2 protein chains.
Amino acid sequence: MPDESKPYHHGDLANALVTAAIAIIEERGVEHVSVREVARRAGVSPGAPFRHFPSKSALLAAVAEQAMERLSSAVRAAQAPHDDDPLDQLERIGLGYLEWAQDNPAHFEIVSQRSLVGLEGRSRELNDEIRTRMLSLLESAKSTGQLSKDADIDTLVLSCRALVYGLARMLVDGHFPEWQPNGNPAQWMKRSLALFIGELREHHREPSQPG
Amino acid sequence: MPDESKPYHHGDLANALVTAAIAIIEERGVEHVSVREVARRAGVSPGAPFRHFPSKSALLAAVAEQAMERLSSAVRAAQAPHDDDPLDQLERIGLGYLEWAQDNPAHFEIVSQRSLVGLEGRSRELNDEIRTRMLSLLESAKSTGQLSKDADIDTLVLSCRALVYGLARMLVDGHFPEWQPNGNPAQWMKRSLALFIGELREHHREPSQPG
DNA sequence: TCCAAATGTAATCGATGATTACTTCTAACA
DNA sequence: TGTTAGAAGTAATCATCGATTACATTTGGA
C-alpha cells in the first residue's frame, strides 16, 4: 500500500506538467499559463518544472508536440477508409481537422502559434505529413479525372489548407458570433467546406471523353 | 523656442504609447509587450501609461481599434472603383486585406486575437461593415447572374472570409515556409484567392437564358 | 492671480520566469 | 546488503512585470 503522503519524487512530473498546462490553456487561454501555476497544479515547488524543461517555451513546445501528435491522429482517422473518392477523403480530412480544433481548442491554439513554440523535429514531420496527404489526394483526383489535367495542385492544396485553417482559427479566435450569427459554428464550417469541395468537383471535372 | 529638455507633460502620450506598443509588437511580437517597456520607449515613468489606459488590456484594445480603423480603410480603398464587376471588387477586397496584413503584421495580429482585446464599439462596427460589404457584393453578383439564383450567399461570405483570414493568419503565424516552399507568399495568396473567385464565377454562373 | 483638474513621478505590492545552492530519494554496483 | 552517484525535488533569491497609491508639477480657466 503506497504511502498516502506525497512521495518526494512525483514519478511522471514531465507529463503531469504538460497536462496541467493544457488544463490552464483550456480554462484561461495560453497567455495565462505560468510555470508557477503549472507547478502548483502538479503539487510541486515553483522550481521543479525547470528540472524537466529548460524554459517556459520548452514546456509549451512539449505541449505543442503532444497536440500535433493528436491532431495528426485525428486527421489520419478521419481519412479512413482510404479506398473511396479522393475528394471525399479530402473533405473528411478537413472535417476531422475542424472537429478536432473544436473539441480541443487549447491544443489547437498552441499548435497554430509558431512564434510561440516554433516548428521543428517531430512537429514539423507531422505537419508535412498532413500536407503530403492532401497533395496526394488531389493528385489522385486528377488522375481519376475528377480534376482537370491542368488543375494547379499546389494552389489547390494551399487553398484547402487556408480555408480549413481559417475556419478553425476563426472559431478559436472567437470570430464566429460576428461572421455567422445563426446556427452553430460546426454546421457553418461543414457547409463552407462542402461548398468548396463541391466547387472543385464540379468545376474542375474533366469533360467526359468526346467520341 | 521650446525647452530642449523634455517638458513635464508629454503632450500626446496616449498616441505615443499606442505607437510604441505597435513598434514592440513588430519587433518582438504581442506577447512581449509590457507596459513598462512601452513607457520606456515613450520616455516616461512606468506608471504614466495608467493615466491614459486603465490596464494593459485597454492599451492593447486601443491599438486594436487603430488597427481596425486602418484595415477598414485599406479594404475600402481596395474595393474602389465600385462600378465594375462585383466579383472583381470582392477579389480586390481580399487582396487588399491580404496586402494590408502582410504590410502591417503587428496590426493584423492584434486585430485577430479577440481573446486578447475583445471586439466592441467602433471595432465591432468596422468589422460588421466589412462583412456587409462582402455580402452586398455577392448579392449583387447574384442579381447580375454571375451567381446562380440559389447560391448560398451566407455560406459564400463565410468561405471567402475564412479563406482570406486563413491565408493572412498563415502568413502571420509563420506557416508559409512549410505550406508553400517556393516563390513568395504574396504570389501564392494571390493565386489562391483568384482560384476561389474563379470557381465562384465559373461554377455558379447562371446558364444564359434559354429560348 | 490662483486654484482645481490633468498629467507625470516615486515608491510599493504580489506574481512571474529563471537561477542557484541545497536536500532527498532511487537504482545500480561491489 | 551497503554505498554512492546522480536524478529529481525544495528553498531562497533576482530582476521584471502589471497595478496601485501618495505625491509633485503643469496647465488653463474663473
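Because the structure is a prediction, the values reported are computed rather than measured. A, B, ... follow the sequence lines: proteins, then strands. Residue 1 opens every chain.
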dG8(C) OP1/OP2 closer than 4.0 Å to side-chain N/O of His52(B) =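 True: His52(B) side-chain N/O within range (under 4.0 Å) of dG8(C) OP1/OP2.
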May I ask you to verify if any side-chain N or O of Arg40(B) is less than 4.0 angstrom from the OP1 or OP2 atom of dC17(D)?
->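 Yes.
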Whole angstroms only, please: what is the [atom1]-[atom2] distance between [X] and [N]?
X: Leu13(A); N: dT24(C); atom1: CG; atom2: P; value: 19 Å
X: Phe53(B); N: dA6(C); atom1: CZ; atom2: C1'; value: 15 Å
X: Glu31(B); N: dT16(D); atom1: CD; atom2: C1'; value: 16 Å
X: Leu59(B); N: dG18(D); atom1: CG; atom2: C1'; value: 12 Å
X: Leu60(B); N: dC17(D); atom1: CG; atom2: C1'; value: 14 Å
X: Glu37(B); N: dT16(D); atom1: CD; atom2: P; value: 11 Å
X: Lys56(B); N: dT16(D); atom1: NZ; atom2: C1'; value: 12 Å

So what does Val38(A) touch, heavy atoms closer than 4.0 Å: a base, only the sugar-phosphate, or nothing?
->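 Result for Val38(A) = nothing.
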Tell me what Ser45(B) touches on the nucleic acid: a base, only sugar-phosphate, or nothing, going by heavy atoms under 4.0 Å.
->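 Here Ser45(B) touches the bases of the nucleic acid.
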For Ala48(A) and for Arg36(B), find the nucleotide of DNA chain D with the closest heavy atom, then tell me which residue's nucleotide is more 5'.
->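 The 5'-side residue here is Ala48(A).
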Nucleotide of dC17(D), dA22(D), dT16(C) approaching Arg51(B) most closely (side-chain heavy atoms) |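 Looking only at heavy atoms from C-beta outward on Arg51(B), the closest nucleotide is dA22(D).
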Closest listed nucleotide, where the reference is the side chain of Phe50(B) and the choices are dG17(C), dA19(D), dT10(D) |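 Looking only at heavy atoms from C-beta outward on Phe50(B), the closest nucleotide is dA19(D).
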Please confirm whether the backbone N or O of Ile93(B) pairs with a side-chain atom of Gln79(B), one donor and one acceptor, at under 3.5 Å?
->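 Not at all, since once roles are kept as given, no pair shorter than 3.5 Å links the two residues.
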Evaluate the side-chain contact (heavy atoms from CB on, under 4.5 Å) criterion for residues Arg40(B) and Glu37(B): first the C-alpha distance (whole Å), next the side-chain angles of each, then the deciding distance (0.1 Å), finally the verdict.
-> CA-CA 5 Å; Arg40(B) 220 170 286 133; Glu37(B) 172 72 12; 2.5 Å; yes
Begin with the C-alpha distance, continue with both residues' side-chain angles, and end with the deciding distance and a verdict on side-chain contact (heavy atoms from CB on, under 4.5 Å) for Met68(B) and Glu129(B).
-> CA-CA 11 Å; Met68(B) 198 63 211; Glu129(B) 185 197 306; over 6 Å; no
Start with the C-alpha gap between Arg41(B) and Glu27(B), add the side-chain angles, then the distance that decides, and say whether salt bridge (Lys or Arg N to Asp or Glu O under 4.0 Å) holds.
-> CA-CA 13 Å; Arg41(B) 297 207 184 203; Glu27(B) 290 168 24; 2.9 Å; yes
